[in-house]
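Structure first, then comments.
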2 protein chains.
Amino acid sequence: MPIELTASQALGLWHGVTLDQVRHDERDLTLRQLAILLHIYLVPPPHTVRGLAAELNVTKPVITRALDTMGEMGLVDRMRDERDRRNVVIKRTVGGALYLEKLGDLVREHGRRQSP
Amino acid sequence: MPIELTASQALGLWHGVTLDQVRHDERDLTLRQLAILLHIYLVPPPHTVRGLAAELNVTKPVITRALDTMGEMGLVDRMRDERDRRNVVIKRTVGGALYLEKLGDLVREHGRRQSP
DNA sequence: GGAAAATGGAACGCAGGCGTAACGATGTTC
DNA sequence: GAACATCGTTACGCCTGCGTTCCATTTTCC
């Protein structure tokens with residue numbers, strides 16, 4: 001069932017979540033980094049650097065650097081593909097799942113606060 | 001009436017909108033810049049640099065620079081407060097309203113695409 | 001009127017993301 | 001097996017946002 005939002009609800013939702021994110025903001029992900037993270041966790045694997053770059057319409061180094069940064073944060077992991085060793089498969093981590101779980105909760109919480 | 005979202009819907013919504021934003025990405029606002037913009041347009045005026053800084057839990061120069069950047073983009077305007085000339089009042093613009101209108105549409109569109 | 005406080009902005013050096021262009025490693029083709 | 005293609009990464013110079021600190025202007029308070 002689709003979610004019907006008024007214009008005011010849509011922006012109010014975005015406002016609330018963004019505000020919370022900025023206020024507490026431990027990790028401070030770029031919009032691109034967040035998009036990559038969400039893509040990795042919500043779209044069925046496998047994910048490769050080239051695939052993500054094409055999917056998000058960005059250059060390859062953008063993906064590499066985002067994986068570097070988020071890898072250090074423990075949000076994501078990388079492994080060489082043993083079947084074609086040119087490829088790198090991007091792996092999910094417990095930390096990443098937790099991060100997105102919190103984000104999801106934040107969205108739901110602010111959704112509940114909206115009035116029509 | 002509150003909006004009830006499942007965890008999957010919440011993240012799916014965020015994913016879709018973020019992805020669209022990254023893919024087309026004309027202006028490429030920082031998360032902080034977006035939070036400031038939304039705050040200016042959704043919370044009743046007047047807005048001052050100091051007030052916004054306190055509200056978002058960031059330092060003053062962050063607000064000043066964000067207003068510089070978004071001012072050049074035509075999303076926001078600044079005027080000296082004539083009653084207390086130390087203050088600067090932040091003004092909305094047609095460009096900013098249009099930008100947020102599009103963002104709202106994007107959110108609503110992706111909301112409609114979610115399944116429970 | 002003069003000291004103190006408040007406001008927004010500028011200056012500084014720093015950190016990190018950006019796109020382009022290369023590179024090494026691996027796989028494919030003939 | 002030699003040439004070519006593909007993949008992820010690195011190197012480079014650039015740009016922009018960051019926090020701290022300081023400053024000029026304006027207001028408030030005795």
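When reading the values below, keep in mind they use all heavy atoms of this one structure, side chains included, and skip hydrogens, waters and symmetry mates. In the text below, chain A, chain B and the rest are named by the order of the sequence lines, each starting its count at 1.
- Residue A:Arg65 is the one, among B:Thr30 and A:Arg65, whose nearest nucleotide of DNA chain D lies closer to the 5' end (criterion: closest heavy atom).
- Out of C:dG19, D:dG8, C:dG17, the shortest distance to the side chain of A:Arg32 is found at C:dG19.
- Here A:Asp68 pairs with A:Arg78 in a salt bridge; the nearest charged N to carboxylate O distance falls below 4.0 Å.
- Listed nucleotides: D:dT27, C:dG19, C:dG9. Nearest to the side chain of B:Asp84: D:dT27.
- Comparing A:Thr64 and B:Ala66, the nucleotide of DNA chain D nearest to each residue sits closer to the 5' end for A:Thr64.
- The shortest side-chain heavy-atom distance between A:Leu5 and A:Gln114 does not fall under the 4.5 Å cut-off.
- Between A:Asp81 and A:Pro61, the residue anchored closer to the 5' end of DNA chain C is A:Pro61, taking for each the nucleotide with the nearest heavy atom.
- Rounded to a whole Å, the CG atom of A:Asp68 is 18 Å from the P atom of C:dA15.
- Among the nucleotides D:dT10, C:dG8, C:dA5, the one closest to the side chain of B:Arg80 is C:dG8.
- The side chain of B:Lys60 lies closest to C:dG9 when the candidates are D:dT6, C:dG9, D:dG8.
- For the OP1/OP2 pair of C:dG8 and a distance below 4.0 Å, the side-chain nitrogens and oxygens of B:Asn87 include at least one atom meeting the criterion.
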Just do the side-chain hydrogen bond (donor to acceptor under 3.5 Å, both in side chains) check on A:His15 and B:His39 with the steps written out, would you? CA-CA 7 Å; A:His15 178 221; B:His39 209 78; 3.0 Å; yes
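- Residue A:Ile63 holds its CD1 atom at 7.5 Å from CD1 of A:Ile90, rounded to the nearest 0.5 Å.
- Within 4.0 Å (heavy atoms only), B:Arg85 reaches sugar-phosphate atoms of the nucleic acid but no base atom.
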